[in-house]
Structures are given as structure tokens and as C-alpha cells.
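Residue numbers start from 1 in every chain, and the chains themselves are labelled A, B, ... in the order their sequence lines are given, proteins ahead of strands. All values reported here derive from a predicted model rather than from experimental measurement.
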There are 2 protein chains.
Amino acid sequence: MSDRDQVTIFDVAKTAGVSGSTVSRVVNGYEHIAPRTRAKVLAAMEELGYVADTRARSLAGGKTNVIGVLVDGMGSAFMTELLRGIDDAISSSGMDMMLCTTNSRVGKEVEYATKLANGMVDGLVVAIPSELSLYLSTLKDRSVPHVLIDIDNEDRDTSMVKVDNRSGARRMTEHLLGLGHRRISMITGNLDVESARERIVGFREAMADAGLVDTDELVVPGDFNRPSGYEAAVELLARPVPPTAIFASSDEMAFGVMRAAAERGMLVPEHLTVVGFDDVPESSWVQPALTTVRQPIQEIGRRAIGLLLDEIRSPGGGAVSLELKTSLVARASSGPPSDVGAMQRHTAPQS
Amino acid sequence: MSDRDQVTIFDVAKTAGVSGSTVSRVVNGYEHIAPRTRAKVLAAMEELGYVADTRARSLAGGKTNVIGVLVDGMGSAFMTELLRGIDDAISSSGMDMMLCTTNSRVGKEVEYATKLANGMVDGLVVAIPSELSLYLSTLKDRSVPHVLIDIDNEDRDTSMVKVDNRSGARRMTEHLLGLGHRRISMITGNLDVESARERIVGFREAMADAGLVDTDELVVPGDFNRPSGYEAAVELLARPVPPTAIFASSDEMAFGVMRAAAERGMLVPEHLTVVGFDDVPESSWVQPALTTVRQPIQEIGRRAIGLLLDEIRSPGGGAVSLELKTSLVARASSGPPSDVGAMQRHTAPQS
DNA sequence: CTGAAAGCGCTTACAG
DNA sequence: CTGAAAGCGCTTACAG
């Protein structure tokens with residue numbers, strides 16, 4: 001019940017024999033303070049176990065020292081890595097993180113963004129495919145520093161960080177082409193997400209360069225998650241003329257593809273080449289190890305926080321966009337296409 | 001720069017032609033208000049786009065409507081599931097979540113707990129093996145509602161939720177014994193964690209009941225994570241007389257064991273039985289599907305929030321401990337022990 | 001059913 | 001280098 005045994009700045013002031021303002025100054029590391037005064041205050045703080053009240057501090061115009069992070073869910077390996085990078089950067093800067101999860105509930109993102117903008121945080125990083133138009137203006141009006149991750153934003157005056165999805169997908173497709181594949185299928189990510197769309201573009205470009213323009217039936221929909229990769233593969237492998245290689249837009253989906261292949265008795269890469277995108281930790285762990293497009297996931301998070309911190313510390317610096325590079329990681333799951341005879345035996349065993 | 005275009009309760013009051021107190025009352029759903037007055041206020045709020053300032057509200061004695069969650073990291077599948085349950089329960093109660101990650105940094109947990117206790121949240125759930133003694137008293141002094149997950153706490157006056165690790169481990173061991181195994185090895189979890197210790201006890205009890213009392217060399221250390229399971233298995237399988245079954249204290253470690261077995265050319269369960277604990281989603285996905293002890297992970301999170309909400313809404317109800325049941329899920333990774341000849345061929349191929 | 005006023009714990013010009 | 005005072009936006013007795 002006794003909620004009032006909180007030690008305030010005035011308690012400290014009294015036992016140190018100074019004013020509240022002075023205590024506030026030493027707490028905030030203000031420079032021009034007599035060494036003796038500072039020492040007395042510090043001693044009093046220590047003695048009383050003073051801890052600043054974040055709410056009051058921020059209400060009065062100070063900083064909250066917390067950064068808000070808006071994501072849709074934290075289930076995927078990609079998100080786990082991203083959050084690790086974000087959390088790393090936040091805590092090594094001495095700030096705290098407030099993670100808000102929308103779980104794809106419509107409206108939640110706006111609610112959180114507005115709430116957070118209302119003084120709960122010093123800045124905000126948003127990593128969900130979202131209807132930015134609904135709250136980006138609020139963030140700007142309130143001049144809440146913010147940076148977007150992997151989100152498309154027409155007006156280039158918001159800071160953001162992303163990777164070169166298009167050329168990553170392009171290079172992977174060229175890798176498959178170079179191995180001799182022609183019937184290459186791509187399983188897409190959630191098309192609401194900018195990066196999913198960019199990967200398709202990269203894939204199509206490379207295919208077109210190889211003279212393969214009719215790719216429509218080779219591009220099948222997925223949503224970045226494992227089950228969707230599995231289902232798409234089941235359908236693809238059941239086709240009369242199945243692809244010899246499947247390029248999943250995420251490693252997670254590639255694992256689903258591998259599962260579908262295994263169930264059909266197909267060996268990877270002998271009977272089917274399977275590649276992914278992301279390079280999550282599990283990709284080098286699975287058997288066979290997954291060939292994939294590596295994106296520096298943790299780095300993305302760290303950079304986003306870096307940008308945010310810059311803006312928080314010296315506002316008005318203008319928006320900056322970062323595009324990080326991807327790279328091809330060739331491992332065991334990709335190889336030359338199997339001959340048609342072998343494919344037939346495997347793809348239509350029950351016919 | 002203009003940080004002051006925030007719509008306050010007084011702006012609303014003015015355009016509605018009432019006092020600030022009245023606005024506050026309708027915002028907080030106070031009952032005795034004239035319908036017409038309420039309507040006017042609501043209209044004004046709508047018109048102005050009013051959003052309550054959480055800091056001010058809480059400073060003035062109201063609720064923050066946010067629940068703090070303290071974990072050490074969110075990398076594991078177990079934690080992902082737990083957080084899903086927690087987040088679910090929090091958001092369906094209309095509150096928000098503030099997730100703090102210590103990443104095993106010493107001191108961080110105390111820092112966070114103190115800060116959160118200082119008015120940032122209405123309540124706190126702690127799910128890290130931690131030196132509670134360092135801050136539990138702070139939580140109590142400030143009467144901040146809190147509940148512990150999976151944490152040992154001597155004085156039974158703190159609410160907590162856990163599962164019956166001991167009998168779960170016992171049943172799994174009996175399952176293996178029933179299959180005919182005698183040389184059963186257990187890879188433990190991080191011994192700082194209560195549940196890891198309880199699982200060992202359950203294992204030992206079942207072994208002792210079967211007359212197997214000399215289990216010391218069969219119990220090897222792990223830390224719940226995949227690599228530690230892999231490493232422990234590498235060591236175990238290289239022994240002159242390796243175990244015929246390995247019971248990993250977490251599914252994650254069991255996956256590591258499977259990997260080690262595969263590298264040695266051993267088939268699961270033909271040559272080696274591998275079982276885990278937790279039943280994370282991946283366990284029914286891997287090949288062969290993992291036999292494991294199921295704990296209702298999301299439910300643990302939901303229950304913890306339930307307890308917390310009860311305490312927040314009607315304080316002083318006293319501490320309550322919940323122990324949820326585990327159950328055995330027999331899948332494909334467990335079977336009868338292989339004969340000694342087969343074991344020898346596989347375990348010492350290079351000797 | 002409604003308003004005026006004090007107070008939550010802090011920060012920040014303004015003086016000195 | 002330090003203090004007194006106002007104010008951040010809200011809630012809550014206290015009156016009426």
C-alpha cells in the first residue's frame with residue numbers, strides 16, 4: 001500500500017544540504033559544479049539509494065532514455081537476430097528498450113506509435129510492414145526521432161535502413177543459372193513487405209537476362225514462414241514438369257521446401273537444389289547446409305539504432321537511408337540440375 | 001523542435017466547455033457523469049485527436065497500463081513461445097508490454113527491476129534465473145505487483161508459475177527404461193536454473209527406482225542451448241561404452257544431439273534414442289520427430305500474466321504459486337536400445 | 001454531477 | 001557555482 005517510500009530528489013537534497021536543482025544537476029552530469037558539492041550529493045544519493053523517476057524526468061522535459069521498437073512478431077529467426085542487433089546497440093548506448101508487438105493486429109501499430117510518440121520514448125524504430133501513412137505524420141509533428149527498417153517509404157525524408165534485396169536475389173538466380181538450372185522456381189515472401197517484392201524483381205531480371213522471360217508460373221506465393229514454403233514446394237514438386245531448383249525468399253521457407261523434398265524421397269541437392277535468403281543461424285546448421293543470400297541481420301538492427309541515436313542527440317540532421325550489402329553464401333544445398341529421367345522417377349512415383 | 005503541439009486534457013476541456021477534471025473522468029471511464037457532458041467531451045476528444053500522456057497519468061497516481069517483462073534473452077524457441085503467451089495475455093487485457101532483456105549482463109536485472117519498479121510499470125514478470133535477493137525486497141517495499149516464472153524462491157510469499165519438471169523428467173526416464181534402456185545419459189540445463197536441477201532429480205529418482213544408482217558419469221553438463229547439446233553428445237558417443245539413449249534437458253539440446261549422431265553415421269532411433277524436454281514447435285517438425293516432455297509453454301506465460309493482473313486489480317490478495325502439468329509426447333526419436341554389436345560398430349569406427 | 005486546487009518528481013530558465 | 005519558482009499533463013480528494 002505504501003507507495004510513497006520513494007526517495008525523491010528533495011530527500012537527497014536535504015541530506016546533502018543543497019537544493020533540489022543542484023541534485024538534479026549532478027544526477028544529469030551537469031559540468032559546472034563544485035567538486036565538494038558533487039561529492040556530498042553523490043554520497044547522499046548512495047546512502048538513500050536514490051533512483052530517478054523516469055516519468056517525472058521525461059514529463060519535465062528531460063529524456064526518457066528509452067527507445068521504442070515496433071515489430072509485428074518475434075517468432076522468426078530473422079526477427080530474433082534483428083532484435084538481438086537492436087538490443088545490443090540500445091543497451092551499449094546505455095538506453096533501454098521498449099518492445100511492442102502488434103502480432104499483425106490491425107490498428108495496434110497506430111495505437112503503439114501514437115502512445116510512444118506521446119512521451120514514452122526518445123525515439124522509435126519501426127520494423128513492420130505497415131500503413132505508415134496512418135501515423136508517420138504524427139511522428140513528424142511531434143518531432144519524435146524515428147527510423148524504419150525494411151519498409152518502403154515514398155517520401156524520402158524519413159531515415160531507414162535496408163539491404164539490397166534486388167541484387168541479392170539477382171546474384172542467387174545467376175548462381176543457379178550458372179549451375180545449369182533453367183526451371184527455377186521462386187517462392188515469394190509476404191508481398192506487403194517491400195523486400196519480398198524486390199527479391200522477385202531481382203529474380204526476374206536475372207532470368208530475363210538468361211532469356212527466360214516467361215516466369216509467371218515459376219513464381220509462387222509464400223509468406224516468409226516455414227509452412228508456406230512447405231506447401232508451395234508440395235505443389236511445385238507435384239507438377240508434371242517440376243522445377244530443378246527452388247529459390248525460397250527466406251531461409252525459413254527453404255527449410256519447409258527441404259522437408260517437402262524429403263517426404264517425396266528426393267535428395268538435396270542431387271534431385272533438387274534448394275536455396276534461401278537471409279542466412280539465419282540455422283542455415284549453416286541444417287543438413288545439407290543451405291546455400292543462401294546472406295544479409296547482415298544484426299548489423300541492420302545496429303545501424304538503425306545508430307541512426308536513431310544520432311537523430312536523438314542532434315536533431316534536425318535530416319533523413320538518411322542506408323542500404324547494406326548482401327552476399328552469396330554457397331553451401332551444400334545447391335548443385336547442378338538432375339537429369340530428366342531421375343526427376344521423372346521421383347516426381348511421379350505414384351502415377 | 002515544436003514538441004508542444006500535444007493536445008492536453010485542458011484543450012479538450014476548453015473545446016468541450018467543461019473543466020479538466022471532468023475530461024479526466026470521462027477519459028478514465030468514471031461512472032457518474034451526465035450523458036450530455038460525456039458526449040460533449042468525447043466529441044471534443046475525437047475532434048482534437050486527444051491521446052493521454054502516460055507519463056503524466058502515472059505520475060499523478062494513475063496506472064501506466066504497461067507491464068514489464070524481464071528476460072535474459074529471446075533467442076531460444078522456448079523463450080519465443082513463452083513471450084508469445086505473455087504478449088497474448090497482456091494485449092488481450094488491453095495493456096502494453098515493456099520487454100527488457102538482460103542478455104545475461106550482470107547487474108542489468110537489478111537495474112531494470114529498480115527502474116521499472118520506479119513507476120514505469122503497473123507490474124512485472126520476471127523470467128530469468130536471477131539473484132532475486134538483490135531486488136525482490138525493492139519490489140515488495142514499493143508494493144509493485146510481480147510474478148516469477150520458473151524461478152526458485154525460498155520464501156513462499158511471491159507469486160510464481162512453473163511446471164512439474166521433476167515428474168516430467170521422471171516419466172520420460174521411465175519411458176526410456178520401459179523401452180529397455182539402461183545406459184541412459186542426461187544432458188543437464190544451466191544449473192543456475194531451478195528447472196534444470198529439478199529435471200536431474202526426476203531423472204535420478206526414476207533411475208534409482210530401476211536399481212540404477214550409479215548415475216554420476218551419465219549426467220553431463222549442458223546449458224539448454226543447441227551447441228552444448230551437440231558437444232555433450234560428441235563426448236558421450238566417443239566413450240568406450242556409450243549410452244543407448246540420451247535425454248537432453250531441452251529440445252534445443254536434443255537437436256544438437258541428433259546432429260552429433262548424424263555426423264557419426266548413427267541413425268535415430270535405430271542406433272541411438274534421443275529425447276528432449278519442452279516440446280517446442282520445431283520438435284514435431286524435425287526428422288525423426290522428437291520424443292519429448294511437453295510443457296504448456298504459452299500457457300505458462302498466460303497464467304503468469306493472469307496472476308499479475310489479479311494482483312494489480314485487487315492488491316493484497318496474497319501470493320499464489322501455480323504448478324502446471326507436463327506430459328510425455330512419444331514420437332519417432334525413441335525406440336528400443338540397439339544391440340551391443342551394432343553400437344560398437346558405430347561408436348568406435350576409427351579405433 | 002462538476003469545478004478549483006494541490007500535488008506527483010523532476011528540469012529548466014532566471015537570478016544571483 | 002547554486003537556489004527559488006514555474007511548469008510538464010494528469011489525478012484526486014475536497015467542496016459544492
Side-chain angles (χ1 to χ4, degrees), chain A residues 2-14 16-42 44-45 48-66 114-115 117-120 122 142-143, chain B residues 1-14 16-42 44-45 48-66 114-115 117-120 122 142:
Chain A
S2 62
D3 210 355
R4 288 290 78 86
D5 30 17
Q6 192 176 338
V7 177
T8 77
I9 223 171
F10 292 102
D11 296 323
V12 176
K14 197 161 64 178
V18 298
S19 75
S21 324
T22 299
V23 175
S24 173
R25 291 193 187 98
V26 352
V27 167
N28 290 291
Y30 186 70
E31 292 183 33
H32 311 291
I33 297 204
R36 283 204 50 197
T37 309
R38 163 174 281 120
K40 277 190 302 185
V41 174
L42 255 18
M45 282 169 59
L48 270 42
Y50 172 77
V51 179
D53 185 307
T54 322
R55 306 164 296 179
R57 184 194 321 244
S58 117
L59 224 207
K63 292 297 172 189
T64 64
N65 276 324
V66 1
T114 322
K115 237 184 227 176
N118 236 142
M120 294 203 75
D122 291 343
R142 303 251 160 96
S143 56
Chain B
M1 305 288 101
S2 62
D3 210 355
R4 288 290 79 85
D5 30 17
Q6 193 176 340
V7 178
T8 78
I9 222 171
F10 292 102
D11 297 321
V12 176
K14 197 162 66 180
V18 299
S19 75
S21 323
T22 298
V23 175
S24 173
R25 292 193 186 98
V26 352
V27 167
N28 289 291
Y30 186 71
E31 291 183 34
H32 310 294
I33 297 204
R36 283 205 49 197
T37 309
R38 163 174 282 120
K40 276 190 302 183
V41 173
L42 255 20
M45 283 170 58
L48 269 44
Y50 172 77
V51 179
D53 185 307
T54 322
R55 305 165 297 178
R57 188 200 313 250
S58 118
L59 225 207
K63 291 296 173 190
T64 64
N65 277 324
V66 359
T114 322
K115 235 184 229 176
N118 236 143
M120 294 204 75
D122 291 344
R142 304 250 160 95

Q. How does DNA chain D look in dot-bracket form if you count Watson-Crick and G-U pairs under 3.5 Å, write [ ] for pairs that cross, and put | where a base pairs with another strand?
A. |||.||||||||.|||

Q.
Counting C-beta onward and ignoring hydrogens, is there a side-chain heavy-atom pair between B/Arg25 and B/Val41 closer than 4.5 Å?
A. no

Q. For A/Asp53 and D/dC10, what is the distance between atoms CG and P respectively, to the nearest whole Å?
A. 17 Å

Q | Whole-Å gap separating C1' (C/dC10) and CG (A/Asp11) | A | 13 Å

Q.
Can you list everything that forms a salt bridge (Lys or Arg N to Asp or Glu O under 4.0 Å) with A/Lys40? Sequence neighbours excluded, please.
A. none

Q | All side chain to side chain contact (heavy atoms under 4.5 Å, CB included) counterparts of B/Phe10, not counting sequence neighbours | A | B/Thr8

Q) Partners of A/Ser58 by side chain to side chain donor-acceptor pair (under 3.5 Å), sequence neighbours excluded? A) B/Arg55

Q. 5'-most contact on DNA chain D: A/Gly20 or A/Phe10, nearest heavy atom basis?
A. A/Gly20

**Q.** Rounded interatomic separation in angstrom, taking NZ from A/Lys14 and P from C/dG9
**A.** 13 Å

Q. When the distance from CD1 of A/Ile9 to C1' of D/dG7 is rounded to whole Å, what number comes out?
A. 15 Å

Q: Kindly write out the residues that satisfy side chain to side chain contact (heavy atoms under 4.5 Å, CB included) with A/Ala60, not counting sequence neighbours, or none if the list is empty.
A: none

Q: Measure the shortest side-chain to side-chain distance between A/Met120 and A/Thr64 over non-hydrogen atoms and say whether it is less than 4.5 angstrom.
A: no

Q. With B/Leu42, which residues qualify under side chain to side chain contact (heavy atoms under 4.5 Å, CB included), at least two apart?
A. B/Val26, B/Arg38, B/Met45

Q: Identify, with sequence neighbours excluded, every residue that meets side chain to side chain donor-acceptor pair (under 3.5 Å) alongside B/Asn65.
A: none

Q: Verify the contact: side-chain N or O of B/Ser19 to OP1 or OP2 of C/dA4, cut-off strictly under 4.0 Å; return yes or no.
A: no

Q: Determine whether A/Val23 and A/Tyr50 make a side-chain contact, defined as any pair of heavy atoms from C-beta on separated by less than 4.5 Å.
A: no

Give me, pair by pair, the N or O atoms of the protein and of nucleotides 13-16 of chain D that are less than 3.5 Å apart, along with how far apart they are.
residue	atom	partner	partner atom	Å
D/dA13	N6	B/Arg25	NH2	3.2

Q) To the nearest Å, how far apart are A/Met120 CE and D/dG9 P? A) 16 Å

Q.
Just to verify, what does A/Ser21 make a side chain to side chain donor-acceptor pair (under 3.5 Å) with, not counting sequence neighbours?
A. none

Q: Provide, to the nearest angstrom, the distance between the CZ atom belonging to A/Arg38 and the P atom belonging to D/dT2.
A: 9 Å

Q | Euclidean distance, atom CG of residue A/Leu59 to atom P of C/dG9 [Å, nearest integer] | A | 12 Å

**Q.** A/Val18 or B/Arg57, whichever maps to the more 5' nucleotide of DNA chain D
**A.** A/Val18

**Q.** Residues from residues 28-37 of chain A lying under 4.0 Å of DNA chain C - heavy atoms
**A.** A/Asn28

Q: Look at the side chain of A/Ala60 and decide which nucleotide, out of C/dT11, D/dT2, D/dT11, has an atom nearest to it.
A: C/dT11

Q.
My understanding is that only residues two or more places apart in sequence, or in another chain, count here; which of them pass side chain to side chain donor-acceptor pair (under 3.5 Å) with A/Thr54?
A. none

